[in-house]
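Here's the structure we're looking at; comments come further down.
First listed ligand is number 1; within each ligand, the first listed atom is number 1. Excluded from the calculations below are hydrogen atoms, water molecules and symmetry mates; all remaining heavy atoms, backbone and side chain alike, are included.
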Amino acid sequence: MSSSADTPLFETRRARATTAYRALATSMFVGICLIWTYRATHMPEGWIRWAWLGMMASELWFGMYWVFTQASRWSPVYRQAFKDRLSLRYGEDELPPVDIYVCTADPAIEPPVMVINTVLSVMCYDYPTRKLSVYLSDDGGSDITYYAMLEASEFARSWIPYCKKYGVEPRSPAAFFRLSSSSSGAVPNDLNGGELLAVKELYEAMKSRIEAAHHLGRVPEEVLRSKHKEFSAWDSFVSRHDHGTILQILIDNTNPKALDIDGNVLPTLVYLAREKRPQHFHNFKAGAMNVLLRVSSGIGNAPIILNVDCDMYSNNSGTLREALCFFLDEENGRRIAYVQCPQVYENVTRNEIYASSLKAILHVEFPGMDGLGGVLYIGSGCFHRRDVLCGKRFTEEDRFAWQNDGRPTRNSIIDLDELKKLADCQSERNTQWGKEMGLIYGCPVEDVITGLSIKCKGWKSLYYNPEKWAFIGLAPITLLQTLVQHKRWSEGDFQIFLSKYCPVWYGAGKIRPGLIMGYLVYLLWAPNCLATIFYAVIPSLFILNGQSLFPEVSSLWFIPYTYVAAAKYGYSLVEHLQSDGTVLSWWNEQRIWLYKRTTSYLFATIDSILMVLGFSETAFVVSPKVADPNVSKRYEKDIMEFGAMSPMFTILTTIALINAICFIWAAIKASTIGVLSPSVAQVILSGVLVLINLPIYQGIIRKDEGKMPSSTTASSLIWAVTICVGFALLS
Ligand SMILES: O=c1ccn([C@@H]2O[C@H](COP(=O)(O)OP(=O)(O)O[C@H]3O[C@H](CO)[C@@H](O)[C@H](O)[C@H]3O)[C@@H](O)[C@H]2O)c(=O)[nH]1
Ligand SMILES: [Mn+2]
């Protein structure tokens with residue numbers, strides 16, 4: 001072993017050239033203060049006053065919110081891991097065991113073939129296989145998914161040695177075969193044609209067997225007969241909401257017979273469907289993770305845990321060793337509770353019509369949060385220290401010393417019946433699980449709330465964004481899916497703000513003020529809806545009665561408005577382009593922010609308040625990972641998908657139509673009197689809103705299945721006209 005001081009296992013680079021940014025931000029803040037001053041000193045008399053106060057409140061909100069977004073732009077850090085140094089310092093025998101959890105919930109929208117591809121990809125990590133255990137938590141309790149796992153455990157015997165022999169990347173068979181058959185040249189050629197063909201045939205045959213079973217909804221007869229004992233676990237199965245615990249060890253790597261075709265040890269592979277009863281609330285993914293934490297403590301009991309969602313396969317077999325560099329670094333690793341990797345998506349188009357990549361967050365804000373003491377825990381793609389996840393507080397003496405931590409290691413015989421009890425509905429009765437232990441319950445973003453509470457116990461977390469993506473998953477591919485997902489996220493975040501975990505009180509004195517501000521950016525996503533809806537509707541409506549809500553172009557007060565808007569959007573464009581975006585994807589992102597703010601966030605705010613008042617319960621709508629071929633085709637052409645009826649679409653269309661009416665009115669007036677009235681800023685604002693809403697107007701006149709439903713158009717039109725006429729008459 002070499003000395004640790006001169007060869008750290010990871011390095012941290014602080015971003016340079018922030019002075020220019022700081023100057024820009026300071027000047028913007030001055031501009032914002034001037035806007036606030038203008039509103040306060042130019043209060044009009046009469047009826048228009050309420051609108052003026054609303055504008056003032058909105059601008060106060062936007063300004064405050066902008067200030068929060070500055071914390072994570074102040075001093076971002078970037079991390080680099082040195083896995084070669086790790087190998088020099090730790091022999092293969094000295095590396096810690098690792099438990100990997102894969103979560104799935106519904107075979108209909110999370111197809112078993114996709115699930116096992118993710119499972120196979122993490123079984124193939126470049127890591128001693130006798131130290132790896134992979135667990136699938138199946139909240140769908142599906143025998144088809146179990147059957148797919150059986151097939152995967154057999155296929156793994158050929159796939160793992162093939163990957164290791166030829167250095168295959170990525171190690172999700174589906175992703176690899178897709179790349180190797182495309183002409184992109186992303187896959188090296190020295191893969192031995194014959195062997196490649198053979199393993200590909202094995203995969204294709206397995207895939208068609210699983211898909212056939214999936215379509216039939218039935219496990220093949222011959223499998224049922226030969227594996228009768230295993231499938232008898234489904235005998236008492238009533239529905240996926242009502243069944244006992246099913247725990248099966250498909251591969252036990254302490255069993256001398258668990259070998260691949262070359263005679264190497266295989267990683268342990270476990271299937272788990274926790275008990276579900278209709279009368280027992282199961283706490284969604286948080287519940288699944290906590291069951292996994294308990295059950296795995298009797299199997300791999302590894303001190304390091306990785307969790308991925310069933311669609312997020314490992315894209316780099318080296319990531320595991322890289323992540324360990326952070327935990328095992330003697331100098332700087334001991335305070336680290338978790339290492340979060342970004343979530344990137346395989347199915348995004350170049351111009352990203354739904355802006356799924358959240359580029360500014362992953363490339364700018366998360367490195368910034370890391371610099372402030374800890375990135376958010378955002379679920380999939382996160383490595384944890386088991387003891388921290390189980391509730392351990394940080395103490396100055398803390399060391400990551402897994403060899404001598406005194407935990408019992410497993411004797412080779414697993415008592416399945418004992419372990420199964422840990423997955424029963426009653427297993428958490430009168431315990432701290434979901435409160436002080438494991439992932440925290442009661443919040444639709446179990447990850448964010450848990451990560452925050454971990455940091456308030458003295459730990460740090462770290463953001464690892466390697467050049468080669470660590471994990472790749474699937475993003476929603478319709479507008480409604482996107483809006484529903486963001487409703488869940490923003491609702492969960494806002495509930496944290498309203499709960500006892502609100503970082504302003506709960507984090508005070510425990511985490512840095514900058515980190516609290518960084519958190520507020522996300523926790524306050526939802527209430528953004530109020531100011532945004534006001535700004536997107538009221539100034540436009542005032543075009544109709546000719547009253548101005550902004551300073552005139554000739555006034556000096558016009559300058560701060562122009563400056564702040566230009567600097568804000570100019571800078572966000574630069575940030576986006578630097579994060580590998582295009583001008584069009586930036587424009588699309590602005591649109592999606594508007595849509596989320598006027599719909600997802602509105603419903604999230606309402607539901608969160610109802611929840612606090614005790615009128616509604618936490619829900620978790622799982623994002624679909626499969627799509628109708630026609631929907632996919634439109635998605636690939638960047639055509640916005642409406643199709644379904646939803647109150648969210650009614651709101652979007654109503655706002656789009658109000659702005660169209662007001663803008664047309666302004667245009668007619670301008671052509672008769674020759675000036676933009678009542679104020680240039682107001683007409684520009686509604687013009688920009690019309691431009692950004694183009695896909696909605698197209699959706700109204702399109703003819704394909706993904707068009708805006710006619711009934712939505714009709715009701716929105718009635719709303720828009722009523723609001724416009726009503727407003728013009730009343731004022
Ligand atoms: O009752 C449930 C519901 C969901 N899941 C799993 O949780 C994961 C996340 O669900 P998904 O619908 O894909 O949500 P996303 O919004 O895409 O997920 C992001 O946001 C979630 C919090 O809202 C985190 O849990 C995820 O890790 C993070 O990737 C999936 O693997 C599901 O199978 C369960 O295991 N049990
Ligand atoms: Mn997902």
Atom indices of ligand 1, in the order listed, that fall short of 4.0 Å to a heavy atom of A105: 2 (C), 3 (C), 4 (C), 5 (N), 33 (O), 34 (C), 36 (N)
Student check: side-chain heavy atoms of L610 and D607 closer than 4.5 Å: yes
T618 side chain near F620 side chain, heavy-atom distance below 4.5 Å: no
Atom 34 (C) of ligand 1 [closest protein heavy-atom partner, distance rounded to 0.1 Å]: D139 OD2, 3.5 Å
Numbered atoms of ligand 1 (with element) below 4.0 Å of P444, judged on heavy atoms: 22 (C), 23 (O)
Main-chain N/O of S380 paired to Q340 side chain as donor or acceptor, under 3.5 Å: yes
Ring geometry between Y203 and F155 (parallel below 30°, tilted from 30 to 60°, perpendicular above 60°): tilted
Atom 11 (P) of ligand 1: the protein heavy-atom neighbour that sits closest, reported with distance to 0.1 Å: K625 NZ, 3.6 Å
Under 3.5 Å: donor-acceptor pair, side chain of N283, backbone of Y441: no
Sidechain-backbone polar pair: Q481 side chain, I477 backbone, donor-acceptor under 3.5 Å: yes
Pairwise side-chain contact, Y464 with F326, heavy-atom cut-off 4.5 Å (strictly under): yes
Where ligand 1 meets G379 - atom numbers and elements under 4.0 angstrom, heavy-atom basis: 27 (O)
NZ (K633) with more than 12 external heavy atoms under 6.0 Å: no
S137, portion touching ligand 1 at heavy-atom distance under 4.0 Å: neither
D99 with R386: basic N within carboxylate O range, under 4.0 Å: yes
Whether H486 and W593 hold their rings parallel, tilted or perpendicular, with breakpoints at 30° and 60°: perpendicular
Sub-4.0 Å atoms of ligand 1 with respect to non-hydrogen atoms of S380: 27 (O), 29 (O)
M312, portion touching ligand 1 at heavy-atom distance under 4.0 Å: neither
Nitrogen or oxygen of S623 less than 3.5 angstrom from that of ligand 1: yes
Which segment of I378 sits under 4.0 Å of ligand 1 when only heavy atoms are counted: backbone
Atom 30 (C) of ligand 1 [closest protein heavy-atom partner, distance rounded to 0.1 Å]: E110 OE2, 3.7 Å
Atoms of ligand 1 close to T104 [distance to a heavy atom under 4.0 angstrom, numbered from 1]: 33 (O), 35 (O)
Atom 18 (O) of ligand 1 [closest protein heavy-atom partner, distance rounded to 0.1 Å]: D309 OD2, 3.7 Å
For ligand 1, the portion of K285 having any non-hydrogen atom under 4.0 Å away: both
Aromatic ring pairing W234/Y146, orientation class (parallel under 30°, perpendicular over 60°, tilted between): tilted
Numbered atoms of ligand 1 (with element) below 4.0 Å of H282, judged on heavy atoms: 1 (O)
Protein contact to atom 6 (C) of ligand 1 [nearest heavy atom, distance to 0.1 Å]: C103 CB, 4.1 Å
Test item: W433 side-chain N/O and C390 main-chain N/O as donor-acceptor pair under 3.5 Å: no
Check: W489 N/O within less than 3.5 Å of ligand 1 N/O: yes
Atoms in ligand 1 with a heavy atom of Q343 nearer than 4.0 Å: 28 (C), 29 (O)
Nearest non-hydrogen protein atom, atom 25 (O) of ligand 1: E446 OE2, 2.5 Å
Aromatic plane relationship, Y522 with F366 - under 30° parallel, 30 to 60° tilted, over 60° perpendicular: perpendicular
Partner of K276 under salt bridge (Lys or Arg N to Asp or Glu O under 4.0 Å), chosen from D139, D242, D138: D139
Nearest-contact summary for atom 24 (C) of ligand 1 - protein heavy atom, Å: D447 OD2, 3.2 Å
V622 neighbourhood, listing ligand 1 atoms whose heavy-atom distance to it stays under 4.0 Å: 3 (C), 4 (C), 12 (O)
Protein contact to atom 15 (P) of ligand 1 [nearest heavy atom, distance to 0.1 Å]: Q485 NE2, 3.5 Å
Residue portion contacting ligand 1 (non-hydrogen atoms closer than 4.0 Å) for F620: side chain
